[in-house]
Amino acid sequence: MELTMDCCESATQRGIARRSLLLGSATFAAWAYLPKFARAADGRDPRLVVIILRGALDGLATVAPVGDPDYAALHGSIALTSDGPHAAIGLDSFFALHPAMPEFARMYRDNKAAVVHAVATSYRERSHFDGQDVLESGFAGPGRVQSGWLNRAIENLPRGQRVTSGLAIGPTTPLVLRGAAPTVGWAPATLPQAADDTAMRLLDLYRHRDPQLASSLAQGLQIEKIAARGDEAMKPKPGVNAMRIAAKGAAKLMAADDGPRIAALAFDGWDTHAQEGGPVGRLAQLLGGLDGALSDFESGLGPRWRDTVIVVATEFGRTARINGTEGTDHGTGTVALLAGGAVKGGRVISDWPGLKVANLYESRDLKPTTDLRGVIKGVLQDHLGLSERVLSASVFPDSGAAKPVAGLIG
Amino acid sequence: MARDPQAALVALNRFGLGARGGASGDFTSAASDPRGYVKAELAKPGVALLDAPGLQDTPALAKLLFDYQDEVKQQRDAAAKAAVKPDDVKPDKPMIVAAPSDSPVNPAPMASPDAMSAGPQVQPAKPAPQPLNVVQKIYRAEALARFQRASIAEVGFVERLVTFWSNHFCISTNKGQPAHIWAGAFEREAIRPHVLGRFGDMLKAVEQHPAMLFFLDNQQSVGPASKAGQNRKRGLNENLAREIMELHTLGVGGGYTQEDVTSLARIITGWTYAGRDGKLGAAGAFAFNANAHEPGPQTLLRKSYEDTGLAQGEAALADIARRPATAKFIATKFVRHFVADDPPPALVARLADVFGKTDGDLKAMAVALLEADAAWQAPMTKMRTPYEYLIASGRLLARIPEEPGRILGALSLLGQPLWTPAGPNGFADTNAAWASPEGMKLRLDVAAQFASRIADTVDARELLDIVAGQAASPETRQTVERAESRQQALALLLMSPEFQRR
């Protein structure tokens with residue numbers, strides 16, 4: 001193996017990692033797997049994008065149960081409201097969408113987006129790593145598995161002439177897309193520098209353990225901010241702009257006639273322990289980036305959007321009650337988002353458990369009532385044509401109890 | 001389980017290049033007998049030598065360089081002839097040698113064949129890179145051999161000694177193509193054979209190595225009263241003589257005068273290397289040019305040296321190597337490198353004493369360091385240099401580099417381009433140099449990039465045990481455990497005080 005520091009091979013003295021990969025000229029020769037419907041008489045040629053939000057999205061802040069009498073008190077100062085200057089966008093009489101997501105709201109009104117609420121994988125602990133392993137591997141519990149459910153889904157598609165390998169966006173292939181079926185990779189030309197969130201965590205560690213390094217790093221980060229000023233358009237802000245850059249690139253590749261049909265991306269930064277923000281603030285910025293990325297997929301895919309489903313999922317949710325630092329801690333139940341022309345949308349799908357303390361999971365978290373595997377199985381069955389048998393045996397092993405949710409695809 | 005986790009951390013980080021990952025069990029071995037763990041490496045025969053396939057000796061490299069320069073000149077002449085107008089003939093200009101495009105100061109963009117971990121690649125839009133010339137190829141091969149050796153070394157103490165001495169007796173590739181092509185051979189031939197031998201032997205090997213003679217201009221220095229001096233009106237160049245006393249042995253304030261510098265410069269006139277004409281011997285080999293040597297006795301540090309030709313300089317160097325000022329200067333630098341920016345005086349005195357009593361036995365000095373309690377008890381305040389940090393990262397992830405480009409690039413980015421310090425005093429060896437604000441920010445970026453590529457296959461929580469075992473602070477453990485992704489966890493681990501400090 002190889003000490004991989006691509007960043008540095010062509011690094012400039014300013015330390016910006018550049019890796020220019022030509023966008024759009026790629027030829028995807030490895031046509032191998034074929035969704036069932038691509039050959040069907042109606043000519044459907046489905047596209048599927050899976051977006052993993054790493055860090056555990058606060059589902060109660062993204063799609064707020066404003067109609068639940070206990071919501072406002074639990075979420076406290078960061079709770080969304082249906083009125084006021086930054087009012088949440090009503091989805092139905094009970095749920096309202098974060099105001100940073102107007103594009104998703106538009107898709108929802110157009111019946112091209114849906115929310116699944118109080119959803120979770122089978123994982124019930126609170127480790128990000130293990131939670132992500134379960135989410136992406138598709139296995140019932142954590143373990144060192146080196147293949148993901150999306151890859152195994154591709155593997156189980158009929159082989160044919162038209163559908164290529166899966167497309168992995170970003171510097172590494174997310175676990176969900178790793179495995180035996182071939183994948184191709186693409187990363188934006190300019191990789192973001194270390195995320196602000198990583199820098200802040202490190203700074204916090206140094207403040208406790210190594211004041212000298214804390215002071216040095218703090219100054220270094222400051223210098224970086226000053227150097228970046230006036231250069232904002234050039235440089236993707238870690239997290240927010242990077243999401244849109246990745247989405248635009250992925251959409252362009254997938255829009256091509258010979259482009260990949262199935263892609264996976266991972267966005268970081270959703271671990272909102274402190275200063276999460278409400279209708280404005282840190283989470284709002286991230287949700288705005290995600291919203292922009294969804295709309296970039298829509299515009300970038302053009303006519304292909306009609307046959308597209310985007311699944312947005314996260315490893316688990318966050319505590320229902322805010323903590324002492326205006327944030328939320330690791331929880332369980334959360335949301336999954338579906339968007340795309342092929343989605344039968346305009347609905348919040350939920351068996352709502354309620355937010356009374358007695359109804360919370362371990363008296364802390366939104367209780368999951370829907371198995372995320374069932375949601376994904378529903379998409380894979382109705383969008384790509386995989387059979388329930390394959391889904392329960394190979395794609396999500398030992399998941400027979402999690403029945404595919406029917407009717408997600410329009 | 002570990003008996004002394006804190007001492008294990010000292011053994012692995014202060015003296016070594018960090019624990020290796022995989023199933024090495026380095027932390028456990030180090031914890032059960034920290035001193036013995038480090039010392040064991042010193043007992044292995046030939047442990048410091050590096051003789052990888054394809055590496056060549058200095059004269060062979062000189063031949064490659066001369067042939068390459070001839071070829072470039074012929075091409076240039078041919079091009080000039082084709083372009084020249086009859087009434088526009090210019091005299092031959094000295095050959096301008098372009099800086100190699102992979103010079104560590106300005107790394108060339110390279111295609112990244114493994115840019116993505118998965119499957120077929122989207123091709124880079126860059127134009128195809130220029131093929132490497134022989135100077136660049138040799139430099140990269142030497143760099144790779146060094147990186148690989150450091151990556152697999154058991155403890156890495158001996159490799160740390162090599163980098164210490166190589167930096168003490170540094171040359172810089174910036175000097176020009178000979179330094180560039182010879183940098184690796186210089187370290188293999190003049191440093192490595194002596195890191196566990198005698199200081200005086202290393203001193204002689206260094207000052208007679210063509211790379212050093214070229215770097216500090218001694219091949220141009222001519223005794224004014226020598227045959228060559230009288231014929232060609234060229235004179236003394238004091239550069240090497242001054243650095244021998246100021247940087248290599250006695251140190252500033254080590255009791256020498258300007259007159260001593262001039263004397264030593266005269267004494268080592270004629271120390272050169274054979275040129276492409278081969279008149280003085282095999283091209284690129286050390287040679288003594290009696291015609292350039294200043295005749296007559298010289299007084300150096302109040303002692304007279306008869307003109308015995310080459311032996312005059314060798315005797316002078318042997319004496320300088322034995323002076324108490326040299327012992328103190330070397331011991332101070334040694335302790336500053338391994339223990340603290342402000343070296344504990346008692347420890348310095350102890351090592352200087354060993355150095356003096358053993359006639360500069362460098363192994364004895366290293367052992368004395370390892371036996372001193374102060375060297376184990378001092379708080380871990382030193383920053384890993386960029387080289388130590390990059391190598392330690394690769395060791396932890398059990399990755400042996402297959403090409404040198406990324407490490408070379410990262411070293412340049414972090415301010416420690418391989419074999420290319422800004423001056424003959426080498427890279428600084430204090431925290432101020434390596435824990436600068438910009439430096440820390442760049443380290444974080446490098447850690448994040450590294451982590452983004454490989455973190456999916458590892459568990460940073462387990463790696464923390466390999467790095468620091470029970471010596472890991474609760475804060476670091478918690479920071480790693482609570483990271484929001486494997487990538488972030490690994491980046492934070494690689495930036496943690498337990499990994500950065502030694």
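Values reported hereafter were calculated over all heavy atoms of this structure, with side chains retained and with hydrogens, waters and symmetry mates removed. Here the structure is a predicted model, which is why all the values come from computation and not from measurement. Per chain, numbering begins at 1; letters A, B, ... match sequence-line order.
Ranked by heavy-atom pairs under 4.5 Å with chain A, the list Gly415(B), Ala460(B), Ser436(B) is led by Ser436(B). Taking His208(A), Arg126(A), Gln132(A) one by one and counting their heavy-atom pairs under 4.5 Å with chain B, the maximum is reached by Gln132(A).
Distance check: Phe129(A) CZ to Gln487(B) CD gives 9.5 Å after rounding to the nearest 0.5 Å. If you take CG on Asp204(A) and CD on Gln478(B), they are separated by 9.0 Å, rounding to the nearest 0.5 Å. Within the model, atoms CG of Asn431(B) and CD of Gln212(A) stand 5.5 Å from one another, a figure rounded to the nearest 0.5 Å. With rounding to the nearest 0.5 angstrom, the NE2 atom of His128(A) is 11.5 Å from the CD atom of Glu481(B). The CG atom of Leu217(A) sits 8.0 Å away from the NZ atom of Lys441(B) when rounded to the nearest 0.5 Å. Taken from CZ in Arg443(B) to OG in Ser216(A), the straight-line distance is 10.0 Å, to the nearest 0.5 Å.
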Thr476(B) and Leu205(A): CA distance, side-chain angles, deciding distance, side chain to side chain contact (heavy atoms under 4.5 Å, CB included) verdict = CA-CA 7 Å; Thr476(B) 295; Leu205(A) 172 61; 3.5 Å; yes
task = Please step through side chain to side chain donor-acceptor pair (under 3.5 Å) for the pair Gln488(B) and Arg201(A), ending with a clear verdict.
result = CA-CA 9 Å; Gln488(B) 188 180 59; Arg201(A) 286 171 194 246; 3.2 Å; yes
message = Determine whether Gln500(B) and Tyr206(A) satisfy the following criterion, side chain to side chain contact (heavy atoms under 4.5 Å, CB included), listing intermediate values before the conclusion.
response = CA-CA 11 Å; Gln500(B) 290 291 338; Tyr206(A) 283 170; 4.2 Å; yes
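One N or O on the side chain of Glu484(B) and one on the backbone of Asp271(A) form a donor-acceptor pair closer than 3.5 Å.
Neither the backbone nor the side chain of Ser151(B) comes within less than 4.5 Å of any heavy atom of chain A. Both the backbone and the side chain of Ser485(B) come within contact range of chain A, with heavy atoms under 4.5 Å apart. Proximity to chain A is absent for every atom of Ala455(B), based on heavy atoms less than 4.5 angstrom apart. Arg501(B) touches chain A through its side chain: at least one heavy atom from C-beta onward sits under 4.5 Å away, while N, CA, C and O do not.
The pair Arg461(B)-Asp130(A) meets the salt-bridge criterion, with a side-chain N (NZ, NE, NH1 or NH2) lying under 4.0 Å from an Asp/Glu carboxylate O. Using a cut-off of 4.0 Å between Lys/Arg side-chain N and Asp/Glu carboxylate O, Asp133(A) and Arg486(B) are scored as salt-bridged.
Listed here is the closest heavy atom pair of Leu444(B) and Leu202(A): CD1-CD2, 4.0 Å.
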